[in-house]
Amino acid sequence: MPPLREVRNRIKSVKNISQITRALEAVSASRVRRAQARALASRAFSEKAWEILLNVQNASKGAVAHPLLMERSEVKNILVVLITSDRGLAGAYNTNILRVVDRFAERMNRSTSFVTIGRKGRDTMLRGGRKVVAEFSDLPAEPKITDISPIARLAIDAFMSGEVDEVLIAYTDFINMLTQRPVVAGWLPLSTHEEAQRVAGDYIKPTPHVTEGAVNYEYEPDATAVLNEIVPRFTELQLYQALLESQASEHAARMAAMRNATDNATQLVADLTLEYNKARQAAITSEILDIVGGASALQASLDSAAETLYQAMEAKAAAVSMPVPVAAVAPAVATVAVAPAPAKPAKKAKAAGDDLTMIEGIGPKMSAALVAAGLDTFAKVAASDETTLRAAIEAAGMRLSPQLPTWLHQAQLAANGQWEELEQFQDNLGRRTSSEGSEGDL
Amino acid sequence: MPIHVELVTQERRVFEEPLADMVLVPALEGVMGILPHHAPVLTTLGFGEMVVKKGNAEERFAIYGGVVDVRPDKVVVLADTAESSFAIDTEKAEAARQRAGQMLAQGVAPEMNREAILALRRAELQLRLGRKMTGGNAGKLRIVSEDDDGKK
């Protein structure tokens, strides 16, 4: 995907180009209309002149003739007046006429020299090594007949002097806005016959026919004078019309080319805009992905940190709360606590705690009072002191046992699992108690 | 029977009037007046004034050489150059005449000499016709309305 900025710049430049081509199209459209109108306007003279020419020829039965009307028996040298444009950007306009002229020159296979009107034709002919005897460029956009007089003069002089035996005009015939046809048309000698036109092959435009019948004229001062007046004008005019046709064709071709260019530019802008939007969306998406990726990476690290914390806390909590469930709930834990002496006390051990009645002086009631005070194992009893025990028993509203001071020792033995010693101690205690009391011993 | 009159130059059709009564053209050998049913004539024209008359109205043109094709019901003037006498600018013509006169007085190349002589003749004709328009012919009815004059 190309960078956004690049696409945006291309869109901008293509838009600029399309503006230029659109302007050129509009300019050409107006020019083609004007060139057409001028070509039409000058046709009136040409038709009349042609009519008069035919009449003169018919009337004189070929006796009176103008040198420009005389065909040469042998055609050795040809002059081609090539009309092209000064400027490009007119599609295939120049290419077409140049190709036709090239083929024409090949087919004629005679010494051919060129007079070029327009820069494009001149450049191509010179590049192709053709003989260019004269070139005329930068004609005004709306040429007058006086603008082409020098060109006509040159061609007429070349023909009259015998330098060339035939002069042709290569130009682009304007058929309509869409069609322009490159042609090579015979010019000099001016011909009223059609077969002479065949010389140049397929690329010849047929001469217009005048159907109006011959009139028997009087000539004043004489036919030759009239011909001398008419023929040069008519000759000039043919070139002038070819030029106007060519200009109309040029503008029409440019208009079509520019319209195509504008259409293409519009299409290109649409394509580029699509690409631009895609690139933009891709950029946005990747930005979002970046953010989401960053966030989830952060989340993961947070999670793992929280996990370790939690685990640590759980471990700590487990360590702290271990004894509590042992006493309160689990009989299994109770057995663990008794584990050091599993054999004997197992049968004596009750659901909770040790059987405190094993201690001499502690009956079932006394035991219940001690358990109520939280002293439910031998170990705890052993760990407590007389005061605590006393308080526990008094809290239960019972009388103190005379053996109470010995409980601590008994409990210690029981807790240690020293059952033999305990029995022995209790035996002694019983004897002593029965004989002299317990206080003396303790 | 009216005459169909056409005045064309190489560049354009200058004037057309299908119902004219009389045409005067400056033939080389003098002004030729053409009425309907004239015998067919082909003749060359010099520098001069062409007049087309239709009823009370008329139209005048300066013609600088050409050919006229005359038939019983039709007159076609093929002029090298033509302009309406009503459009002549005498000041410009005077300036052109002086320029051409100077060129001739100084003496120029032979081919330019010919051009200069033509220019002088043209300017002189323009002056002559222009003065006529402001003098005796002023205020005459025209075949073509004034508005059409400007557009070519």
Side-chain angles (χ1 to χ4, degrees), chain A residues 34 37-60 64 142-150 152-153 157 212-241 243-244, chain B residues 4-18 25-34 37-48 63-83 96 109-112 114-115 118-119 122 151-152:
Chain A
R34 259 184 291 165
R38 281 209 314 280
L40 267 178
S42 80
R43 220 165 263 171
F45 188 100
S46 135
E47 277 165 17
K48 295 292 164 199
W50 191 246
E51 208 177 297
I52 292 170
L53 221 62
L54 282 178
N55 268 320
V56 172
Q57 284 217 323
N58 288 344
S60 61
V64 183
E142 298 192 0
K144 291 209 172 77
I145 194 92
T146 46
D147 291 319
I148 60 115
S149 296
R153 183 87 265 145
D157 285 351
E212 218 166 310
V215 180
N216 280 323
Y217 284 106
E218 281 173 39
Y219 298 98
E220 213 176 289
D222 54 56
T224 321
V226 174
L227 269 187
N228 280 341
E229 186 69 34
I230 279 285
V231 171
R233 305 285 163 203
F234 184 59
T235 312
E236 254 182 13
L237 191 61
Q238 286 203 309
L239 181 62
Y240 181 65
Q241 284 190 325
L243 180 64
L244 290 181
Chain B
H4 184 120
V5 183
E6 271 182 66
L7 170 58
V8 294
T9 67
Q10 285 156 304
E11 281 162 27
R12 63 198 178 96
R13 190 188 300 272
V14 179
F15 174 75
E16 184 169 12
E17 171 55 58
V25 292
L28 262 188
E29 286 153 14
V31 175
M32 192 163 113
I34 301 160
H37 302 296
H38 197 285
V41 169
L42 266 176
T43 186
T44 51
L45 300 176
F47 280 36
I63 303 287
Y64 311 98
V67 172
V68 62
D69 173 6
V70 182
R71 297 188 200 180
D73 57 345
K74 198 173 180 187
V75 174
V76 179
V77 177
L78 303 183
D80 292 353
T81 354
E83 61 184 323
E111 66 268 20
M112 288 300 286
R114 193 169 157 270
E115 292 294 312
L118 281 177
R122 190 173 294 146
K151 84 179 176 199
K152 300 224 162 174

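Chain naming here is simple, since letters A, B, ... match the order of the sequence lines and numbering starts at 1 in each. Given the structure is predicted, the values throughout are model-derived calculations rather than measurements. Heavy-atom basis, side chains included; hydrogens, waters and symmetry copies ignored.
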Next on the checklist: Just so I understand: if I count every heavy-atom pair under 4.5 Å between each of Ala39(B), Gly66(B), Ala27(B), Ala79(B) and chain A, which residue has the most?
Outcome noted: Gly66(B)
Checklist outcome for this item: Across all chains, not counting sequence neighbours, the side-chain hydrogen bond (donor to acceptor under 3.5 Å, both in side chains) partners of Glu236(A) are Ser149(A), Gln10(B)
Next on the checklist: For Val76(B), which atoms come within 4.5 Å of any heavy atom of chain A: side chain, backbone, both, or neither?
Outcome noted: side chain
Checklist entry - Where do Val67(B) and Val226(A) come nearest, in terms of heavy atoms and distance? => result CG1-CG1, 4.1 Å
Checklist outcome for this item: Counting heavy-atom pairs under 4.5 Å with chain A, the top scorer among Thr43(B), Val8(B), Thr44(B), Val70(B) is Thr43(B)
Checklist outcome for this item: Separation between CD (Glu229(A)) and CG (Leu45(B)), nearest 0.5 Å, reads 7.5 Å
Next on the checklist: Just verifying a value: how many Å separate Asp69(B) CG and Lys48(A) NZ, rounded to the nearest 0.5 Å?
Outcome noted: 7.5 Å
Checklist entry - In Å, rounded to the nearest 0.5 Å, how long is the span from CG of Leu237(A) to CD of Glu11(B)? => result 9.5 Å
Item to check | Contacting region of Thr9(B) [heavy-atom separation from chain A under 4.5 Å] | outcome: backbone
Next on the checklist: Suppose we screen for side-chain hydrogen bond (donor to acceptor under 3.5 Å, both in side chains). Which residues come up paired with Arg38(A), at least two apart in sequence or across chains?
Outcome noted: Gln247(A)
Checklist entry - Roughly how far, to the nearest 0.5 Å, is the CG atom of Leu227(A) from the CG atom of Leu42(B)? => result 9.0 Å
